[in-house]
Amino acid sequence: MKIYRADNYGDLSKKAGEILGAVIALYPDSVLGLATGSTPVGAYEILVQKYREGLLDFSEIKTMNLDEYQGLGREDEQSYAYFMEKHLFSKVNIRRENTYIPDGTNLDEKAACEAYEAVLKRLGAPRIQLLGLGHDGHIAFNEPGKSFPEGVHCAELNARTIQANKRFFEKEEDVPRRSYTMGIGNIMRAKSILMLVSGAEKADIFREMLYGPVTPRVPASVLRFHPDVTIIADAAACGKL
Ligand code: F6R
């Protein structure tokens with residue numbers, strides 16, 4: 001595991017954008033595993049900037065996202081599909097048919113999960129999987145629990161995550177309670193992992209994932225078993241190390 005300490009969020013985003021940009025430049029037909037949330041927004045901005053400067057070509061890139069809220073479709077502003085469109089897909093030359101995200105509008109949970117699992121199998125392991133770190137140690141929507149979920153599943157958001165995510169919604173009641181998410185097994189199959197951690201409010205859980213026991217009670221701790229993980233954390237997130 002490599003950990004880079006960034007001075008601040010801007011520096012973190014620049015470093016992350018450089019790494020993702022290098023993957024795209026070196027392997028322009030890569031499968032990329034993507035994340036949403038606040039943390040990767042700056043990295044996506046760097047990628048868009050590089051694309052505009054003519055340094056990157058997304059025409060053969062394929063993407064698979066970690067997760068999507070159940071019940072939300074591409075046109076819902078809070079959906080992760082909408083987020084990806086807004087922050088990256090609409091700004092680069094990626095082909096929409098090459099972008100994959102669980103279908104939040106499919107309320108048949110078994111069918112929705114099986115369909116996305118089939119997509120992941122067909123695309124194969126991503127060359128790089130981008131991750132954020134949840135306040136409770138979650139990665140994707142794998143919340144603290146008793147075991148590490150293997151495959152794509154429908155997850156119940158816990159109270160902490162609903163609290164953290166309500167900032168994107170008008171009211172707390174509007175935050176969907178369930179989501180479709182890659183499992184820990186899906187994430188661990190990525191060839192490499194790039195995790196971004198920003199802000200003082202992540203400092204305790206970041207310390208726990210690095211130095212506490214590897215346990216499903218801190219889902220991100222499992223990354224210590226992955227052979228190729230890079231973490232970029234800003235000074236505030238490193239505050240308790
Ligand atoms: C997003 C995702 C989540 C976030 C995590 C951190 O696709 O899977 O696990 O990475 O909740 O979110 P932020 O970056 O908003 O703190």
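Order of appearance sets the numbers: ligands from 1, and atoms from 1 within every ligand. Only this structure's heavy atoms are used, side chains among them; waters, hydrogens and symmetry mates stay out.
- The protein atom (non-hydrogen) at minimum distance from atom 6 (C) of ligand 1 is L133 O, 3.6 Å.
- Salt bridge annotation for R189-E150: present, with a cationic side-chain nitrogen under 4.0 angstrom from a carboxylate oxygen.
- Legend: salt bridge (Lys or Arg N to Asp or Glu O under 4.0 Å) pairs involving residues 88-111, not counting sequence neighbours, sorted by first then second residue: E60-R95, E85-R96, R95-E97, E109-R178, K110-E114.
- Ring-centre distance between Y69 and F169: below the 6.0 Å cut-off.
- Any N or O atom pair closer than 3.5 Å counts here, and A140 shares at least one such pair with ligand 1.
- Considering backbone and side-chain N/O of H135, none are found under 3.5 Å from N/O of ligand 1.
- Sorted by first and then second residue, the salt bridge (Lys or Arg N to Asp or Glu O under 4.0 Å) pairs involving residues 200-209 (not counting sequence neighbours) are D204-K240.
- Shortest contact from atom 16 (O) of ligand 1 to any protein heavy atom: K202 NZ, 2.8 Å.
- Residue Y4 qualifies as open at atom OH: its count of foreign heavy atoms under 6.0 Å is 12 or below.
- Heavy-atom separations between R167 and ligand 1 include at least one value shorter than 4.0 Å.
- For atom 12 (O) of ligand 1, the closest non-hydrogen atom on the protein side is G37 CA, 4.3 Å.
- Nearest to atom 5 (C) of ligand 1 among the protein's heavy atoms is H138 NE2, 3.4 Å.
- The contact set between ligand 1 and L66, taken as ligand atoms under 4.0 Å from a residue heavy atom, comprises 8 (O).
- With respect to the salt-bridge test (charged N to carboxylate O, under 4.0 angstrom), the residues K50 and E18 qualify.
- Protein heavy atom at the shortest distance from atom 13 (P) of ligand 1 is T39 OG1, 3.5 Å.
- Under a cut-off of 6.0 angstrom, the local environment of CD in E170 is sparse, with at most 12 non-hydrogen atoms contributed by other residues, nucleotides or ligands.
- Among protein heavy atoms, the minimum distance from atom 1 (C) of ligand 1 is reached at T36 OG1, 3.2 Å.
- At a 3.5 angstrom cut-off on N or O pairs, D67 counts as close to ligand 1.
- Under a 4.0 Å criterion applied to the non-hydrogen atoms of G132, ligand 1 contributes the atoms 10 (O).
- Taking a 6.0 Å sphere around CZ of F168, one finds it holds more than 12 heavy atoms contributed by other residues, nucleotides or ligands.
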